[in-house]
Amino acid sequence: MAATLSTALDVHHLTIPQSDNKRPNFFTKTIKQNPRRKFTIFCKSPSKPPQNPQESPKKNSSLSELLQPLFETTLPKKDQAPVLSKPSKSTWVNPSKPKRSVLSLQRHRRSPYAYNPKVRDLKLFAKKLNECENSEDAFLKVLEEIPQQPTREDALLILNSLKPWQKAHLFFNWIKTKNLFPLDTIFYNVTIKSLRFGRQFELIEELANEMVSNEIPLDNITYSTIITCAKRCNLFDKAVEWSERMYKTGLMPDDITYSAILDVYAKLGKVEEVLSLYERGVASGWKPDPIAFSVLAKMFGEAGDYDGIRAGKPGLARSLFNELLECGLTPNEKTLSCLAKIYGKARWAKDALLLWEEMKSRKWPMDFILYNTLLNMCADLGLVGEAEELFMDMKQSEHCRPDIYSYTAMLNIYGSGGNVSKAMELFEEMSELGIELNVMGSTCLIQGLGKARRIDDLVRVFSVSVEQGVKPDDRLCGCLLSVVSLCESKEDMDKVLTCLQQANPRLVAFVKLIENEESSLATVQEEFKSIIINTKDDARRPFCNCLIDICRNKNLHERAHDLLYLGTLYGLYPGLHNKTVDEWNLDVRSLSVGAAQTALEEWMGTLAKIVKREEALPELFSAQTGTGTHKFSQGLSNAFASHLKELAAPFRQSENKAGYFVATREDLVLWLQSRIASPATA
DNA sequence: ATAGGGTTAG
């Protein structure tokens, strides 16, 4: 999707400054930037002073902090041996004490299955329990018909086959009341797992606490199930809490629990902690397996925005993957999905194609999710032919037939690639096959039709979507709004606005409000704020970008400046202006063409005032548009370049840095002064 | 046929 729909990844601050009909000049103020995470892979980040080992673990300290005193001396040094290979022997400074490990290298062993002739009957009984009404009364009534007093093994077998979680829970409680045998760790673990299916974290915590008070030991399986349940319920603080509780009891995580914990920290964006834990694991002899790899790779691969505004470290994922292969491990479908996604988001076409070649030649396993991930990767990279080949493969396959994800990916490819006729063919094909368009497919198709100015088809697709039950969301509205900004005739514009009216009437009212030159800034501000607050984060900046574009297309430049000001005020454009002693920089990478032009003009206006007041200026001025790494993205840098040319501004495109425009103070001041002298050209 | 970790979209 074009820059107008790029993701807003920043924290928005929506505090209201006093409302005044005159907007302040906002480039004179330093816009607060988001701190950007910097880390060096596999090297320690600037470390905190080590804690006193005597100290008891602090409340709320992270797991890696808790581990710090134990492993301070065993950490691999910077740039040491490959990460996945056996670590070189570290010097253990105190041989009188045994070297402690970060994790237990011995995985939990399962008790062997004991053959039981009653199994068939018990299975049948469990089936009966599963089929009865999901109420306490109905369940207990069937339960009274149990053939005989269940032994521990019988009970476990039944417990394992009960669905949904309510029944497993009732059965567990029933066993507890009957007091036939003591309930041990396994009983709790099985029940906890079942509760996890129902995302019943509160009940799980209750059971875990019951274990503690009844002195039933919690083991690695208990902890990993609790932690992953918290994770699935998005209770990340709870996941961390239980990881630390585990540590405090002195129980060492085994490799599975370790991966689960790493994933929690990774999902929380605690990159330093993950790396620290990772290093410590490797130092104590742990070899990440394909699952741990996926967890780590996902974290490294977080690419976010395709102009490196919040770039991840896809290179780290790649080297990890290569080491995984060197260790003789075979990647599976999930590992490969992770990697394919990373290469796509990072726009690493070469690596993506190499990976695909290797997948084919080495006959690595494929499943339909991996196929779909590869299709999305092709969409990210603009690999139309490759996507078509994959899609055909899927159609001819037995177990990987294209589903809604596959069709959506293809709609995305054709919609963003400008081959809207093929997108429409697919749309018809979907109707024939009875695969209903969802909101994402609808957005892709509408985007493509908008680009091709096929407004009547767009209206038809929108209507069909809504009839089929698609609920337009903020991103679809953003897409419609961007089409409004593309429309050349009032007639087309009204058609699209009529669609938008159904989805988001306030947005349409706002377009009318800003088009009216009589509307005061205070009124616009109030309504803008209210709309933005009620818009999902990732659609806020695109909304503002499109609104600015609409104003510019209608020659409402002053209003466009108002909107850019409001967008900046409410945190939609963090880091737009960056100042160092030597260089001031305008970063318009996340702006639409119109918004970028507006920002440039605003900046020049500000600088003119500074020149007039004869205040200090740095040596160098720069503006960056990024390169639009997406094959299909409209060149913001070209549009920006022609705008500079139009203004006759003395910025030159940098030769070694694409999408980077530079002006010296000398040239810029001269030009600004000439503009001050004859403002008519402005 | 007995309890734990990582995969897909606008």
Side-chain angles (χ1 to χ4, degrees), chain A residues 1 5 7 107-116 119-120 122-123 126 152-161 184-194 196 219-229 231-232 253-264 266-267 288-299 331-342 344 365 367-377 379-380 403-413 415-416 437-448 473-476 478-479 538-539 542:
Chain A
M1 212 154 264
L5 281 180
T7 323
R107 198 180 280 200
H108 215 280
R109 283 187 52 207
R110 287 177 192 192
S111 53
Y113 171 73
Y115 176 74
N116 189 326
V119 162
R120 224 182 81 96
L122 286 166
K123 280 268 149 193
R152 177 183 174 278
E153 282 68 31
D154 298 345
L156 262 182
L157 194 143
I158 293 170
L159 188 57
N160 259 300
S161 29
D184 57 16
T185 304
I186 294 185
F187 267 92
Y188 277 90
N189 287 351
V190 175
T191 310
I192 287 172
K193 185 193 171 191
S194 180
R196 191 183 61 177
D219 63 12
N220 258 288
I221 295 178
T222 323
Y223 281 109
S224 58
T225 318
I226 296 172
I227 291 165
T228 52
C229 179
K231 213 159 62 176
R232 287 177 202 184
D254 63 17
D255 50 357
I256 291 184
T257 315
Y258 210 62
S259 292
I261 294 172
L262 282 176
D263 194 38
V264 170
K267 287 222 168 84
D289 61 9
I291 295 183
F293 163 78
S294 301
V295 168
L296 293 163
K298 249 189 319 180
M299 184 187 77
N332 62 23
E333 300 88 332
K334 293 175 184 177
T335 327
L336 293 166
S337 294
C338 278
L339 202 63
K341 184 171 165 177
I342 290 165
D367 65 4
F368 73 100
I369 293 182
L370 180 52
Y371 263 113
N372 288 340
T373 309
L374 289 170
L375 286 178
N376 287 317
M377 180 185 85
D380 282 330
D403 64 358
I404 183 65
Y405 279 81
S406 329
Y407 274 95
T408 306
M410 291 308 291
L411 287 175
N412 184 17
I413 288 164
S416 60
L437 206 59
N438 61 22
V439 68
M440 296 171 215
S442 181
T443 308
C444 295
L445 202 45
I446 286 174
Q447 192 208 5
D473 62 8
D474 290 341
R475 287 182 65 173
L476 178 50
C479 180
D538 60 356

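Naming convention: chains lettered A, B, ... in sequence-line order (proteins, then strands); numbering from 1 in each chain. None of the values given here were measured: they were computed from a predicted structure.
Nearest to the side-chain atoms of A:T373 among the listed nucleotides B:dT7, B:dG5, B:dT8 stands B:dT8. Candidate nucleotides B:dG6, B:dG10, B:dT8 were compared by shortest atom distance to the side chain of A:K231, and B:dG6 ranks first. Residue A:S294 places its side chain closer to B:dG6 than to any other of B:dG5, B:dG10, B:dG6. In the set B:dT7, B:dG10, B:dA9, B:dA9 carries the atom at the smallest distance from any side-chain atom of A:N376. Residue A:S259 places its side chain closer to B:dG5 than to any other of B:dG5, B:dG10, B:dT7. Comparing B:dT7, B:dG10, B:dG6 by their nearest atom to the side chain of A:D263 picks out B:dG6. Set against B:dG6, B:dT8, B:dG4, the side chain of A:P290 has B:dG6 as its closest nucleotide. Between B:dG10, B:dT7, B:dG5, one nucleotide has an atom nearer to the side chain of A:T443 than all others, and that is B:dG10. Minimum atom distance to the side chain of A:D289 is reached by B:dG5, of the listed B:dG4, B:dG5, B:dG10. Distances were taken from every side-chain heavy atom of A:L156 (C-beta onward) to each of B:dG5, B:dT8, B:dT2; the shortest belongs to B:dT2.
Nucleic acid contact class of A:L476 (heavy atoms, under 4.0 Å, all strands): base. A:D367 comes within 4.0 angstrom of a nucleotide base, judged by non-hydrogen atoms across all strands. Using a 4.0 Å heavy-atom cutoff across all strands shown, A:T191 reaches no nucleic acid atom at all. Nucleic acid contact class of A:T257 (heavy atoms, under 4.0 Å, all strands): base.
The side chain of A:R232 contributes no N or O atom lying less than 4.0 Å from OP1 or OP2 of B:dG4. For the pair A:K341 and B:dT8, the criterion of a side-chain N or O lying under 4.0 Å from OP1 or OP2 is met. For the pair A:R152 and B:dT2, the criterion of a side-chain N or O lying under 4.0 Å from OP1 or OP2 is not met. For the pair A:K298 and B:dG6, the criterion of a side-chain N or O lying under 4.0 Å from OP1 or OP2 is not met.
In this structure, A:N220 contributes its side chain and A:D254 its backbone to a donor-acceptor pair below 3.5 Å.
With 3.5 Å as the limit, one finds no donor-acceptor pair spanning the side chains of A:N412 and A:N376.
Interface remark: the A:N332 side chain does form a donor-acceptor pair with the B:dG6 base, using a distance-only criterion of under 3.5 Å. In the interface, the side chain of A:D473 is paired with the base of B:dG10 through a donor and an acceptor atom under 3.5 Å apart.
Protein atom CD1 of A:I192 is 13 Å distant from nucleotide atom P of B:dG5, rounded to whole Å.
A heavy-atom distance below 4.5 Å is not found between the side chains of A:T222 and A:Y188.
Shown here are the ring pair (Phe, Tyr, Trp, His ring centres under 6.0 Å) partners of A:F368, two or more places apart in sequence or in another chain: there are none. By the salt bridge (charged side-chain N to carboxylate O under 4.0 Å, His left out) test, A:K298 is found to be paired with A:D263, residues two or more places apart in sequence or in another chain being considered.
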